[in-house]
Amino acid sequence: MQNFKHVLVLSDAIRGHYHQSLGVAMWISKLGGASLDPFINVPKISSFKRATTMRLNVKRIMAGDREYAHNWLTKAGFHDRNFEPETLFVSAGSSAAPFTLALAKATGNKAAVVMTPSVIGTKPFDFAIVPEHDKYDPNDKNIITTLGAPNHIYEPDLHEVGQNFFTGKDFSGKKVFAILIGGSDANYSVTSQWIKKALEPFKQLKDVALLITTSRRTGQEVDETVQQMFSGCKSLEYLLLMSKNPRINSLTAMFGVATHVFATEDSVSMVSEAATAGFKVGLIRVPRVPMSYAKRFIGGGAQRFDDMFEKMIQRGLITDLASEAAFNEFIASKEQRHNKDFNEAKRAAEWILNS
């Protein structure tokens with residue numbers, strides 16, 4: 001049984017990464033009584049430098065050379081401070097991972113990583129929280145796998161957050177549709193042409209309230225298309241374009257007032273957050289980037305997420321809206337929520353505390 005007095009998140013300033021590590025840290029604090037310290041932003045290290053230096057240095061850090069780890073942190077631009085004993089350092093993403101590991105070694109504490117960091121991998125960490133769709137060694141005792149992405153969503157707070165954020169709006173008696181739009185990446189293609197087709201059914205709906213948010217990956221061109229599509233639409237109650245307002249995050253507020261949540265399949269984080277909020281998520285399928293033979297052979301590309309979505313469908317966490325009939329059935333209900341026990345950040349925290 002772990003007895004942490006403090007838990008601290010190291011952030012690479014990427015919102016999605018921070019929310020994953022914050023979710024695990026938050027639940028360690030709630031379940032174990034540890035103080036949740038403010039996050040620390042780590043210095044930026046280029047991918048080239050990380051690849052060329054960390055592979056050489058990580059073995060010495062792993063060996064527990066506290067002085068070496070302290071010196072590495074100083075050279076990397078990390079401003080040291082006094083950290084208490086019995087502290088757990090948590091991070092997500094490859095940029096923050098080396099700092100998390102080095103800081104734990106330098107202070108004699110423990111380190112947890114969310115997702116598999118490049119170059120370093122998961123083996124050096126005391127605890128690793130890895131999505132099932134990532135490759136991992138099932139024999140490693142320091143790994144727990146999650147269905148989707150752990151996150152910071154705390155369902156008991158959502159209603160109050162929603163009411164405060166949407167003060168002055170009256171959604172009573174209406175279905176409230178929260179639509180979460182991701183963006184193009186190596187596996188999916190979210191274009192203006194596609195978005196017009198995908199969102200047209202929502203534009204035609206009557207007597208509903210539409211709350212729409214894009215993401216940082218959506219891009220200015222698609223953002224502008226969304227804005228043009230819904231200009232003058234009477235059902236639109238809220239529109240957040242991340243290319244214009246990158247610092248606003250209204251997801252928790254939207255979850256607090258929504259009756260239905262829809263999310264594009266390219267964003268595992270958004271789908272996972274909505275499912276953690278208690279919604280049976282309407283999954284909007286997205287065109288895929290053609291895969292090379294090599295990537296297809298090793299099970300890469302978008303197909304590695306298909307098994308994850310299928311498991312979520314089987315557990316009643318999402319509904320595939322690939323057909324018009326499925327879409328119409330989904331929106332016909334008064335609301336779309338599940339009654340499953342689904343909170344992967346909490347489950348990961350319980351595993352860490354009980355290790």
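Nothing here was measured: the structure is a model prediction, and the numbers come from that model.
Looking at heavy atoms from C-beta onward, Thr218 lies out of side-chain contact with Met242 at the 4.5 angstrom threshold. In this structure the side chain of Leu8 reaches within 4.5 angstrom of the side chain of Phe83, judged on heavy atoms. Contact of the Asp134 side chain with the Arg304 side chain is registered, since non-hydrogen atoms from C-beta on lie closer than 4.5 Å. Proximity of Val190 to Ile195: side-chain heavy atoms (C-beta onward) are separated by under 4.5 Å at one or more points. Asn354 has its side chain within reach of Met1: a pair of non-hydrogen atoms, C-beta onward, lies under 4.5 Å apart. Contact of the Phe202 side chain with the Cys233 side chain is not registered, since no non-hydrogen atoms from C-beta on lie closer than 4.5 Å. Proximity of Met312 to Phe342: side-chain heavy atoms (C-beta onward) are separated by under 4.5 Å at one or more points. Phe230 has its side chain within reach of Lys203: a pair of non-hydrogen atoms, C-beta onward, lies under 4.5 Å apart.
Under the 30°/60° scheme for interplanar angles, the aromatic rings of Phe327 and Phe262 are found to be tilted. By the 30° and 60° cut-offs, the orientation of the rings of Phe127 relative to Phe4 is perpendicular.
A 6.0 Å sphere centred on CD of Glu310 holds more than 12 heavy atoms belonging to other residues, nucleotides or ligands. In the displayed structure, Glu335 atom CD is contacted under 6.0 Å by more than 12 heavy atoms of other residues, nucleotides or ligands. Around atom CG of Asp341, no more than 12 heavy atoms belonging to other residues, nucleotides or ligands sit under 6.0 Å away. The number of heavy-atom neighbours closer than 6.0 Å to CD of Gln314, taken from other residues, nucleotides and ligands shown, is above 12. More than 12 heavy atoms of other residues, nucleotides or ligands shown are found within 6.0 angstrom of CD on Glu200. The environment of Glu86 atom CD is dense: over 12 non-hydrogen atoms of other residues, nucleotides or ligands sit within 6.0 angstrom. Environment of CG in Asn164: crowded, with over 12 heavy atoms of neighbouring residues, nucleotides or ligands closer than 6.0 Å.
Leu251 and Tyr18 fall into different hydrophobic clusters, where Ile, Leu, Val, Met, Phe, Trp and Tyr residues are linked whenever their side-chain heavy atoms come under 4.5 Å apart, directly or through other members. Hydrophobic clustering of Ile, Leu, Val, Met, Phe, Trp and Tyr side chains at less than 4.5 Å, counting indirect connections, keeps Leu22 apart from Phe125. Linking Ile, Leu, Val, Met, Phe, Trp and Tyr whenever their side-chain heavy atoms come within less than 4.5 Å puts Ile144 and Val90 in one cluster. A chain of hydrophobic side-chain contacts below 4.5 Å, direct or via other Ile, Leu, Val, Met, Phe, Trp or Tyr residues, connects Ile28 to Val114. There is a path of hydrophobic side-chain contacts, each under 4.5 Å, that joins Val222 to Met229.
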For side chain to side chain contact (heavy atoms under 4.5 Å, CB included), just list the numbers for Arg285 and Asp320, CA-CA rounded to whole Å, side-chain angles, deciding distance to a tenth of an Å, and then say yes or no. CA-CA 8 Å; Arg285 293 295 187 176; Asp320 189 342; 3.1 Å; yes
Using the salt bridge (charged side-chain N to carboxylate O under 4.0 Å, His left out) rule, take Glu155 and Arg337 through it: C-alpha gap first, then chi angles, then the decisive distance, then the call. CA-CA 12 Å; Glu155 190 175 358; Arg337 302 188 69 89; 3.2 Å; yes
Which is it for Val271 and Phe305 under the side chain to side chain contact (heavy atoms under 4.5 Å, CB included) test, yes or no, and what are the steps along the way? CA-CA 12 Å; Val271 173; Phe305 300 113; over 6 Å; no
Using side chain to side chain contact (heavy atoms under 4.5 Å, CB included), reason through Phe177 and Leu211 one step at a time and then give a plain yes or no. CA-CA 6 Å; Phe177 291 179; Leu211 314 177; over 6 Å; no
Should Lys346 and Thr276 be marked as a side chain to side chain contact (heavy atoms under 4.5 Å, CB included) after you check the CA-CA gap, both sets of side-chain angles, and the distance that decides it? CA-CA 10 Å; Lys346 181 181 179 181; Thr276 304; over 6 Å; no
Under the criterion ring-ring contact (aromatic ring centres under 6.0 Å, His included), I'd like the reasoning laid out for Trp27 against Tyr154: C-alpha separation, chi angles, the key distance, then a yes or no. CA-CA 9 Å; Trp27 278 107; Tyr154 185 59; 5.7 Å; yes
Given salt bridge (charged side-chain N to carboxylate O under 4.0 Å, His left out), test Arg347 with Glu344 step by step and report yes or no. CA-CA 5 Å; Arg347 188 169 66 86; Glu344 296 296 77; 2.8 Å; yes
For the pair Asp207 and Lys175, evaluate salt bridge (charged side-chain N to carboxylate O under 4.0 Å, His left out) and give the outcome as yes or no after the intermediate values. CA-CA 8 Å; Asp207 298 321; Lys175 295 178 184 178; over 6 Å; no
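One distance of note links NE2 of His260 with NZ of Lys280; it measures 11.0 Å at 0.5 Å rounding. Atoms CG and CZ, on Leu158 and Phe165 in that order, are 13.5 Å from each other to the nearest 0.5 Å. Atom CD1 in Ile120 sits 8.0 Å away from atom OG in Ser94 (nearest 0.5 Å). One finds the CD atom of Glu84 at 10.5 Å from the OG1 atom of Thr107 (value rounded to the nearest 0.5 Å). From Lys244, atom NZ reaches atom CG of Leu239 across 8.5 Å, with rounding to the nearest 0.5 Å. Distance check, rounded to the nearest 0.5 Å: CG of Asp223 to CD1 of Ile212 gives 11.0 Å.
Under a 3.5 Å cut-off, the side chain of Thr264 and the backbone N or O of Gly182 do form a donor-acceptor pair. The backbone N or O of Trp194 lies less than 3.5 Å from a partner atom in the side chain of Thr191, making a donor-acceptor pair. Under a 3.5 Å cut-off, the side chain of Thr74 and the backbone N or O of His70 do form a donor-acceptor pair. For the pair Asn245 (side chain) and Ile248 (backbone), a donor-acceptor distance under 3.5 Å is absent. No donor-acceptor distance shorter than 3.5 angstrom exists from the side chain of Ser35 to the backbone of Asp37, with no hydrogens or angles considered. Distance alone, capped at 3.5 Å, is enough to place a donor-acceptor pair between the Ser355 side chain and the Trp351 backbone.
Annotation: cation-pi pair Lys169/Tyr238 absent, no NZ/CZ under 6.0 Å from the ring centroid and within 45° of its normal. Seen from the ring of Tyr188, Arg288 does not count as a face-on cation partner, given the 6.0 Å and 45° thresholds.
Ala76 and Phe99 make their closest contact through CB-CE2, 3.7 Å (heavy atoms, listed as atom of the first residue, atom of the second, distance). Residues Leu36 and Ala25 share a closest heavy-atom pair of CD1-CB, 3.8 Å. Here the shortest heavy-atom pairing between Gly183 and Ser215 reads N-OG, 4.1 Å. In terms of heavy-atom proximity, Arg66 sits nearest to Lys105 at CG-O, 3.0 Å. For the residue pair Gly148 and Val268, the shortest heavy atom distance occurs at CA-CG1, 4.1 Å. Smallest separation of non-hydrogen atoms from Thr225 and Ser192: OG1-OG, 2.8 Å.
The side chain to side chain contact (heavy atoms under 4.5 Å, CB included) test with Phe89 is passed by exactly one of Val113, Leu10, Ile40: Leu10.
Looking at Ser272 and Ser269, their side chains never bring a donor and an acceptor atom within 3.5 Å of each other. For the residue pair Ser95 / Asp12, no side-chain donor-acceptor distance below 3.5 Å is found, with atom types taken as modelled. Inspection of the Gln228 and Glu224 side chains reveals no N or O donor paired with an N or O acceptor under 3.5 Å.
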